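Throughout, protein chains are lettered first and strands after them, A, B, ... in sequence-line order, and every chain is numbered starting at 1. Quantities reported herein were computed from a predicted structural model and do not represent experimental measurements.
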Amino acid sequence: TTRTPEFLGIDKNEGLFPESDSLSDVVIGVLDTGAWPESKSFDDLGLGPVPSSWKGECEISKDFNSSSCNKKLIGARFFSKGYEATLGPIDESKESKSPRDDDGHGTHTSTTAAGSAVDGASLFGYALGTARGMATRARVAVYKVCWLGGCFSADILAGMDKAVDDGVNVLSLSLGGGVSDYYRDSVAIGAFTAMERGILVSCSAGNAGPGSDSLSNVAPWITTVGAGTLDRDFPAYVSLGNGKNFSSVSLYSGKPLPDSLQSFVYAGNASTASNGNLCMMGTLSPEKVAGKIVLCDRGINARVQKGAVVKDAGGAGMILANTAANGEELVADAHLLPATGVGQKTGDLIKSYIFSDPNPTATIIFAGTKVGIQPSPVVAAFSSRGPNSITPEILKPDLIAPGVNILAGWSGAVGPTGLAVDTRRVGFNIISGTSMSCPHVSGLAALLKAAHPDWSPAAIRSALMTTAYNTYKSGQNILDIATGKPSTPFDHGAGHVDPVSALDPGLIYDITADDYLDFLCALKYTPAQISSLAKRNFTCDTKKYSVTDLNYPSFAVPLVTEQSGGDSGSSVVRYTRTLTNVGTPGTYKVSLSSSASESVKISVEPDSLSFSKVNEKLSYTVTFTTSSMPSGTNAFGRLEWSDGKHVVGSPIAISWS
Amino acid sequence: TSQKKKTYIVHMAKSEMPTSYTEHSNWYDSCLKSVSNSAEMLYTYNNVIHGFSTRLTPDEAESLQTQPGILSVLPEVKYELH
């Protein structure tokens, strides 16, 4: 990626990160749509021999040969039996029955995690810079489990099964399914074994935001990653016939619109279809849009497809207006015709103009790439949000990372829009999603794994979470672009990843595989359900298990609103946590902040922890004393331990339902 | 339509494998054949789960669920890229 290394501070702190030997021993397995091995991001210049412990393979087929793999891309497999069993044989005229990536998504995610540095990378000149993965010296193994028709759990399990056996150290999955109990969810099941074997599993949180309860991949042994913006934008300016100008974003590259204002029409008025405003296939009347700029509403079909529909109908350009579902979030696209996206408010103003002027006109001016955009990051509107609908006592997402307008490697088999009519071919593409934020964290986890080879997956996640930031330098909370207001831990988890701080977290919250088994007992899983996850007989003890005892680096406190006529007294909830010292000896003191001090009293006992040696463990208890509040009320806070040098932060989310 | 085959993921309790088997794959196969002569394994899983995936009718899946050593028979789920 370009810009994210600078944004994350890993470009100027190379010396802090592990030297080549330890990092090049780390293998990141990516379950996705495969890889385009010819991508420059898979260049293996300067990398030493493949780690001797590696058992993976480069699976050969007619379009993927042994030379497709090298010392960077050290493994490539594909899993299609589940897909073919359901949808029939793969049509090899449309997709490769091999690890080759015909989609682009897998190349994008794998190069984001661990791509080699490529100078002069850009998409049509946009986002120009040196593109590199987060862990440039880590190795990549791709497991193609996603096809044109989707990703089937039989194939995903097979990919995870092989990846674990091959010897990956980090697994990156930018995919998700519906919400289901952990013992039914193949990704959660596969991730449990991976965790037991010391493999950190990083998954995307999902793009179902900004609605609440919209998360995927919420098992506590998974690192769940939401998405935020960078300080980079791709501005375009919309000028209207009434003299007003508006900002927008676009990655259009091609013949610009004429300098003069063009006729302008609302798609809903250029169609006989009831949903003509959406610019769906075949809904625009060519005689009404020919030579004009068309305003389309966002929703239902792909943004870039709307552009193609306008182009097919003879339109000269397109302005794509967000609706309430997307608010002011602007996602840039490499449209096939001069086109740009505007936020809901701007879209409404533009529509007012179109509807009030008998001969509306407009034009679009494209302004390239701009960096230094503030505030940044902001939580992406699409990023899925908590609470965690499976286990509300575990706060998810865990953290956010860059996931909006990310440039990374792309497949040579498909154009940047992914549309069949897009015959352009690019080495790099700019796309958005929690799919893009997940591999950022996967790569950063690889850096931590190399720096601290003895750390468990939970320790690595803890370091990433407790050092994440949730305020700007001004002290203001990170904003949520969906609302324009400060985001909450249900939106950003622990906050935005800060890899330089994560290298030296001071203290960590560790969790063992046995701790997770206790957690399953607390969920009252049956022996068969536990055995499905853990693959061994495990009998829960007669002792009292509590979900809140899981040594998680964050606090979610779900409370039930008392019904009228019931006891209106306060309730008291206690969470116990254990901190492990991974730094120098020192005394840490606690501090607390809360957004609702009247309805919630939080206390910590003890309020000071003195660590005298490395790996010493000390426990503390947090007591939440809460008043009854109306259902739907949330309160948020933060608990921090600090020795003056390190700040070990944990978000707190209290919710009444 | 209700008896149309679907893909299922079958979780086995490996520790309950009868001693008459030396290879767990043979045991899996025997369990599968006990409910369907025509079903074939798509994958045998050895690491992240103990078990296999196969195509079964709902009745066959229900029958398999009652066999000794079967932890669960879960219908396949489609996931999507994010």
Side-chain angles (χ1 to χ4, degrees), chain A residues 32-33 79 81-82 84-86 103 105-106 109 145-146 149-158 160-165 173-178 180 183-187 189-194 197 203-207 216 384 433-436 438 527-529 531-533 535-537, chain B residues 1-19 24-25 27-29 31-32 36 38-58 60-62 64-82:
Chain A
D32 210 296
T33 61
F79 302 87
K81 290 177 185 173
E84 293 189 287
T86 300
D103 178 281
H105 191 279
T109 54
V145 297
C146 293
C151 326
F152 288 79
S153 57
D155 296 328
I156 294 170
L157 262 185
M160 295 181 90
D161 201 68
K162 213 63 180 162
V164 166
D165 201 36
L173 288 88
S174 290
L175 50 83
S180 60
Y183 64 88
R184 289 181 168 275
D185 179 351
S186 292
V187 170
I189 292 167
F192 195 94
T193 300
R197 301 202 187 179
C203 291
S204 47
N207 302 335
S216 304
S384 289
T434 53
S435 275
M436 284 65 248
C438 165
Q529 290 163 349
S531 191
S532 289
L533 281 157
K535 307 174 306 305
R536 56 190 157 101
N537 291 331
Chain B
T1 305
S2 63
Q3 291 306 303
K4 197 175 168 187
K5 286 199 172 191
K6 293 198 301 187
T7 301
Y8 290 87
I9 295 166
V10 182
H11 292 248
M12 305 287 289
K14 204 171 174 181
S15 61
E16 292 180 29
M17 183 172 79
T19 52
H24 63 271
S25 57
W27 176 46
Y28 297 169
D29 195 48
C31 289
L32 180 57
S36 171
S38 61
E40 292 183 1
M41 287 186 202
L42 298 173
Y43 296 105
T44 301
Y45 305 105
N46 300 312
N47 296 293
V48 294
I49 69 165
H50 294 147
F52 59 93
S53 48
T54 187
R55 301 278 290 173
L56 297 171
T57 65
E60 289 167 345
E62 198 174 317
L64 186 59
Q65 178 74 70
T66 64
Q67 304 289 314
I70 305 287
L71 291 170
S72 61
V73 181
L74 301 175
E76 182 171 60
V77 175
K78 191 172 149 188
Y79 289 68
E80 291 180 347
L81 295 166
H82 281 155

**Prompt:** If you measure from OG1 on B:T54 to NZ on B:K6, what distance do you get to the nearest 0.5 Å?
**Reply:** 13.5 Å
**Message:** Can you tell me which portion of A:S204 sits under 4.5 Å from chain B's heavy atoms? Options are side chain, backbone, both or neither.
**Reply:** both
**Message:** Set out, in order, the CA-CA distance, both residues' side-chain angles and the distance that settles side-chain contact (heavy atoms from CB on, under 4.5 Å) for B:M12 and B:W27, then state yes or no.
**Reply:** CA-CA 10 Å; B:M12 305 287 289; B:W27 176 46; 3.7 Å; yes
**Request:** Counting only heavy atoms closer than 4.5 Å, note whether A:I156 contacts chain B via side chain, backbone, both or neither.
**Result:** side chain
**Item:** Heavy-atom pair count under 4.5 Å with chain B, highest-scoring of A:C438, A:A158, A:G433
**Value:** A:A158
**Asked** Highest number of heavy-atom pairs under 4.5 Å with chain A: which of B:V48, B:T7, B:I70, B:I49?
**Response** B:V48
**Request:** Taking heavy atoms only and a threshold strictly under 4.5 Å, list by residue number the residues of residues 73-82 of chain B that touch chain A; give 'none' if the list is empty.
**Result:** B:L74, B:E76, B:V77, B:K78, B:Y79, B:E80, B:L81, B:H82
**Part of A:D161 within contact of chain B (heavy atom distance under 4.5 Å)** = both
**Asked** Can you find a pair of side-chain heavy atoms, one from B:K5 and one from B:S38, that are under 4.5 Å apart?
**Response** yes
**Asked** Any sub-3.5 Å donor-acceptor pair from A:D32's side-chain atoms to A:C146's backbone N or O?
**Response** no
**Message:** Nearest 0.5 angstrom please: B:L71 CG to A:K535 NZ, how far?
**Reply:** 11.5 Å
**Prompt:** Hey, which of A:G149, A:C151, A:G177 has the most heavy atom pairs under 4.5 Å with chain B?
**Reply:** A:C151
**Asked** Given that the side chain runs from C-beta out, which part of A:V145 has a heavy atom under 4.5 Å from chain B: side chain, backbone, both or neither?
**Response** neither
**Prompt:** In this structure, which one of B:Y45, B:Y43, B:Y8 forms a side chain to side chain donor-acceptor pair (under 3.5 Å) with B:S53?
**Reply:** B:Y45
**Asked** Is there a donor-acceptor pair closer than 3.5 Å between any side-chain N or O of B:N47 and the backbone N or O of A:K162?
**Response** no
**Prompt:** Heavy-atom distance under 4.5 Å to chain B: side chain of A:S180, backbone, both or neither?
**Reply:** neither
**Message:** Report which part of A:F192 has an atom under 4.5 Å of a heavy atom belonging to chain B: side chain, backbone, both, or neither.
**Reply:** neither
**Prompt:** Can you check whether B:E62 reaches B:T57 side chain to side chain, under 4.5 Å on heavy atoms?
**Reply:** no
**Item:** Proximity breakdown for A:R197 and chain B, heavy-atom pairs closer than 4.5 Å
**Value:** side chain
**Request:** Name the member of A:N537, A:L173, A:D155 that forms the most heavy-atom pairs with chain B at distances under 4.5 Å.
**Result:** A:D155
**Fill in**
Counting heavy-atom pairs under 4.5 Å with chain B, the top scorer among A:G206, A:G178, A:A194 is A:G206
**Asked** Taking the side chain from A:S216 and the backbone from A:G176, do they hold a donor-acceptor pair closer than 3.5 Å?
**Response** no
**Fill in**
Rounded to the nearest 0.5 angstrom, the CD-NE2 distance for B:E16 and B:H50 is 13.0 Å
**Request:** Check whether any side-chain N or O of A:T86 sits under 3.5 Å from a backbone N or O of A:G82 as a donor-acceptor pair, and report yes or no.
**Result:** yes
**Complete:** One option among A:A154, A:C203, A:G190 has the most heavy-atom pairs under 4.5 Å with chain B, and it is A:A154
**Message:** Between A:M436 and A:H105, is there a side-chain heavy-atom distance shorter than 4.5 Å?
**Reply:** yes
**Message:** Can you tell me which portion of A:S435 sits under 4.5 Å from chain B's heavy atoms? Options are side chain, backbone, both or neither.
**Reply:** both
**Prompt:** Just how far is it from atom SG of B:C31 to atom NE2 of B:H24, taken to the nearest 0.5 Å?
**Reply:** 12.0 Å
**Request:** Under 4.5 Å, counting heavy-atom pairs only, tell me which of A:T33, A:L157, A:T109, A:L533 racks up the most with chain B.
**Result:** A:L157
